[in-house]
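Every number for a ligand or one of its atoms is a count from 1 in the order of the listing. What you see is a predicted model; the values in this text were computed from it and never measured. This chain uses plain numbering: 1 for the first residue, then up along the sequence.
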Amino acid sequence: MAWFRAASSIAKHAVRRNIYRGRSSYYVARTTTAVPIPAASRNFHSTIFKSKGETSTAPVPRAVPLSKLTDNFLDGTSSVYLEELQRAWEADPNSVDESWDNFFRNFVGQASTTPGISGQTIQESMRLLLLVRAYQVNGHMKAKLDPLGLEERKIPDELDPAFYGFTEADLDREFFLGVWRMSGFLSENRPVQTLRSILTRLEQAYCGSIGYEYMHIPDRDKCNWLRDKIETPTPTHYDRERRQVIFDRLAWSSLFENFLATKWKSAKRFGLEGGETLIPGMKEMFDRAADLGVESIVMGMAHRGRLNVLGNVVRKPLRQIFCEFSGGEPQDEVGLYTGTGDVKYHLGTSYDRPTRGGRRLHLSLVANPSHLEAVNPVVVGKTRAKQYFSNDADRKKNMGVLIHGDGSFAGQGVVYETLHLSALPNYTTGGTIHIVFNNQVAFTTDPKAGRSSQYSTDVAKALNAPIFHVNGDDVEAVVHACELAAEWRQTFHSDVVVDLVCYRRFGHNEIDEPSFTQPKMYKVIRNHPSTLEIYQKKLLESGELTQQDIDKIHKKVMSILNEEFLASKDYVPKRRDWLSAYWSGFKSPEQLSRIRNTGVKPEILKNVGKAITVLPENFTPHRVVKRIYEERAKMIESGEDIDWGFAEALAFATLLVEGNHVRLSGQDVERGTFSHRHAVVHDQVTAEQYCPLDHVISNQNEEMFTVSNSSLSEFGVLGFELGYSMENPNSLVIWEAQFGDFANGAQVIFDNFISSGESKWLRQTGLVVLLPHGYDGQGPEHSSGRLERYLQMADDNPYEIPVMEPTLRKQIQECNWQVVNVTTPANFFHVLRRQIHREFRKPLIVMSPKKLLRHKDCTSHISEFDDVQGHPGFDKQGTRFKRLIKDQNNHSDLEEGIRRLVLCSGKVYYELDEQRRKEDAKDVAICRVEQLCPFPYDLVQRELKRYPNAEIVWCQEEPMNMGAYTYILPRLITSMKALGRGGYEDIKYVGRAPSAATATGFLSVHLKEQAELVQKAIQREPINYPY
Ligand SMILES: Cc1ncc(C[n+]2csc(CCOP(=O)(O)OP(=O)(O)O)c2C)c(N)n1
Ligand SMILES: [Mg+2]
């Protein structure tokens, strides 16, 4: 082993150097002011093909006896060591390690002058080994990746045999290369070969149309697996039959774009001309994946080539694509909800596709916004949910595939955030296949200005994903790389990247002029034959297709395209396809859905309450956690003082008993940022973990309840949970921000998916987002949670009171999302359960508390959770979530003596109530708006009527330009006007003054501000602010 280690460490050293050099020189070569690469260094690489007459600067190697070894790679000590080893081996071959036995058997004891292997010295072996390794590590630097041939890369010196002292004279000498436990060129059982044939095969394997990057993977088995595939004795060859299929697929891809281009000359379609091999590549990848057990693929991609993928890979009916392209609006059943729609290259869809192997593959393309790469985590989350719901425990049946642009893959942080989830137990999907559609430009930006790394795919190296760079003009190489990616994914269950190096035949879109910014590139592109032409020529030359065969395929494709085009004129888009199998029976916004009871039978509450407060025998929890669980046990026993954390656990447990899946993820959610949850308990002696909610029903699937600390990402993890929530409506999926303020790292997911996804793409989600917040003096990023942002995105009309039928939930169905700021544990319990107990799904934003988690008054009685008639909260429908909590002073329906009605939301209620008690201000009523959005007009109006003489005040802790004020104001005006109670000037404001920062950083200032606002809300004198 020692010998091997020594060699590999030398090799590693060389590798590092190569990477460093390679990178710097590559970067230089791509800048306009680059120093030209000296001719000598360029020619250097052709040393092996040099004629004998040419000189080489490299030293001429001579066979050196072991005892005289003093070359660069082995110092004197090593050679003495080797000599001793050799002596020991000669005396007894078993006395040395197996690797040395192998080594000496091949090299020692042969006269250096005899032809063939007999002349091979140890240093030659070492050097040859380094040369092979250099190809494995850096061969991709010499691969012919750029179809346009514009790429100027300095080929690393390490790929030149002369660098190792080999000359022309060595080319026909035979060498043995065997290394213990290696695959490919270096495997022991490879026959002896001439240096020439070794080099030829190395060049073919590593420097052809595919550049393999995999030596960064720190796993011998994985590297050997790849070497076995790459370093085959002969290059891969597709037979005639396969080539015909590949050609047919390439023809579909190319002619589809041509067809669109001729029919809609001035339309933007973001075609993939220049990279048409994407389609045959994907199809072959999917066929291979299906052969290896994949049954369903979730895909995500941006604009480029999306229509082609939809038509040719997903098999969305072409007539439908053409109809949409002509601007055909969905003509759904009259009056049905169709949302705002989206541009054609954002739409998602799903179909079953037959594969070459005779199987069926379910393909879904997730709808996505313009924001590049934002769909990545959504796709991965959806894939994971599919795996859960199809019992795909080894993750071989469901797979995610993401197609990226080169610019966006390198530039967008969410790429890394998503990759970073790939090996986490509760987020892994057993590997995503990434295809980078690398057209070597991003809009008008060249790679040299767009990224600091050599390749756009370098980020994936951090996750040890293999990367196959492939020349997009070589369709067979593309197919090979795509198939290999599928095989990798099904073998190692981890991410893999295909970097499809192509070009963009037209501008960023078809009506854009690319020569403004890339004149040189486009001069080359104008004269560059299409991939189809290149392949046609190749097949004609090889005799595998005749001109007649080719014409026949062209004719077939064109006639189908034309037929579909004609049919598209009469095509009436079918009923919306937004309900996938799991969603049948769910209601769209215009279908009536009744309010359901969310109270739970007392005996069920008791039973699950007990189940989730028991820890196993011989389990040693932390003493504080033990106390918490004992207190919870008391709460369920007595039914009193149920706190926030336990109410949440009861909501989860009751949903689980009812057969729903519950998943909660986010940073530190297992314990809870504020130590209130303790969903996972840690044994203080053994460090074993126990999750009581995993034991609510007998033989509970361990994933049925999932609570998981996530990576420290907002964008990636929220996107993942959103995708997860979209798969099956019978799942309560929750993402909790550490603090609500940090959720803005995931703003793209809120803006473009959660708040507007249903409207744009008719896809529902019941995702719950918990945003802990609270003004308690912890500074600007730990107070506000940015409530105003979520309210500002609500789409309910502030000047129209909708029909507020008490038994129906049409108002919520019609609104894009719900925003609540709940103040009691029981109400939190009901709002969570309500998400599932309804016939539609709506996102829920919960401005969750910090202080209320332990506030002595913030507790609920069990009677607020059950559905017993006569208990608090029980009405016609049973017990349910309260959108507004009226004043607690048991006021009658008409209270003319109340001088002020303070409307507020969240924790400030408790402070106001305390102040009122302190001042004995019985003539002030305080109502809590628990559901801010959609606005509870009916209940607010009920309270306005109850207090006909009261001054109306909105009280909040946030600065005036934040919080709920700007959302509440117009809706309150509308409510008041409708009752003849005045308008804008009659609504008073109590809260912090407008501010840039969300809160002060000084605790003393905070306390002063807080005391002032609470006092002001209760003060005797009229408020008179702002009018
Ligand atoms: C997050 C985001 N930033 C900017 C844009 C605007 N934009 C649209 S396409 C594009 C270039 C994308 O380049 P690349 O990823 O290489 O894809 P290509 O268009 O070349 O296929 C840009 C910057 C966007 N859509 N999303
Ligand atoms: Mg690009």
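- The Mg ion (ligand 2) has D406 OD1, N439 OD1, V441 O as protein N, O or S atoms under 2.8 Å away.
- Checking only distances, F409 never comes within under 3.5 Å of ligand 1, N or O to N or O.
- For the ligand labelled ligand 1, residue Q412 lies inside the 4.0 Å heavy-atom shell.
- Ionic pairing of R489 and E487 is not present here: no N-O contact between side-chain nitrogen and carboxylate oxygen is shorter than 4.0 angstrom.
- Salt-bridge annotation for E324 and K316: present, with a side-chain N of the basic residue lying under 4.0 Å from a carboxylate O of the acidic one.
- By the criterion of a heavy-atom distance under 4.0 Å, neither the backbone nor the side chain of H404 is placed next to ligand 1.
- Residue-level proximity to ligand 1 for T445 is absent, since no heavy atom of it falls below 4.0 angstrom.
- For atom 25 (N) of ligand 1, the closest heavy atom belonging to the protein is S370 O, 2.9 Å.
- Comparing N752, T444, L372 against atom 23 (C) of ligand 1, the shortest heavy-atom distance belongs to L372.
- Taking a cutoff of 4.0 Å between a charged side-chain nitrogen and a carboxylate oxygen, K842 and E758 qualify as a salt bridge.
- Ion pairing of E510 with K268 is absent here, as no side-chain N (NZ or NE/NH1/NH2) approaches a carboxylate O to less than 4.0 Å.
- Below 30°, between 30° and 60°, or above 60°: for H469 and Y455 the angle between ring planes is below 30°, a parallel geometry.
- A salt bridge links D287 and R249; the closest N-O separation between the charged side-chain nitrogens and carboxylate oxygens is under 4.0 Å.
- Distance check for atom 4 (C) of ligand 1: every protein heavy atom is found at 4.0 Å or beyond.
- Judged by distance alone, the side chains of S665 and Y427 do bring a donor and an acceptor atom under 3.5 Å apart.
- Contact annotation: for D406 versus ligand 1, heavy atoms closer than 4.0 Å belong to both the backbone and the side chain.
- Classification of E257 and R505 as a salt-bridged pair fails, no side-chain N sitting under 4.0 Å from a carboxylate O.
- The aromatic rings of F742 and F739 lie perpendicular to each other, with more than 60° between the two planes, well past the 30° mark.
- In this structure, Y206 and Y212 have perpendicular ring planes: the angle between them is above 60°, well past the 30° mark.
- Counting the atoms of ligand 1 from 1 in the order shown, those under 4.0 Å from a heavy atom of F443 are 11 (C).
- The closest approach between a heavy atom of H303 and any atom of ligand 1 is below 4.0 Å.
- For atom 9 (S) of ligand 1, the closest heavy atom belonging to the protein is H508 CE1, 3.1 Å.
- A donor atom on one side chain and an acceptor atom on the other are not found under 3.5 Å apart for W761 and S756.
- Listed by atom number, the atoms of ligand 1 under 4.0 Å from N439 heavy atoms are 18 (P), 20 (O), 21 (O).
- If you check which protein heavy atom lies closest to atom 21 (O) of ligand 1, you get R304 NE, 2.9 Å.
- Looking only at atom types and distance, the side chain of Q667 has no donor-acceptor partner in the side chain of S710 under 3.5 Å away.
- For atom 14 (P) of ligand 1, the closest non-hydrogen atom on the protein side is G407 N, 3.6 Å.
- Between H528 and Y503, the ring planes lie perpendicular to each other; the angle is over 60°, past the 30° to 60° tilted range.
- Atom 17 (O) of ligand 1 has G405 CA, 3.7 Å as its closest protein atom, hydrogens excluded (heavy atom only).
- Between S408 and ligand 1, at least one N/O pair is under 3.5 Å apart.
- In this structure, H508 and F443 have parallel ring planes: the angle between them is below the 30° cut-off, well short of the 60° mark.
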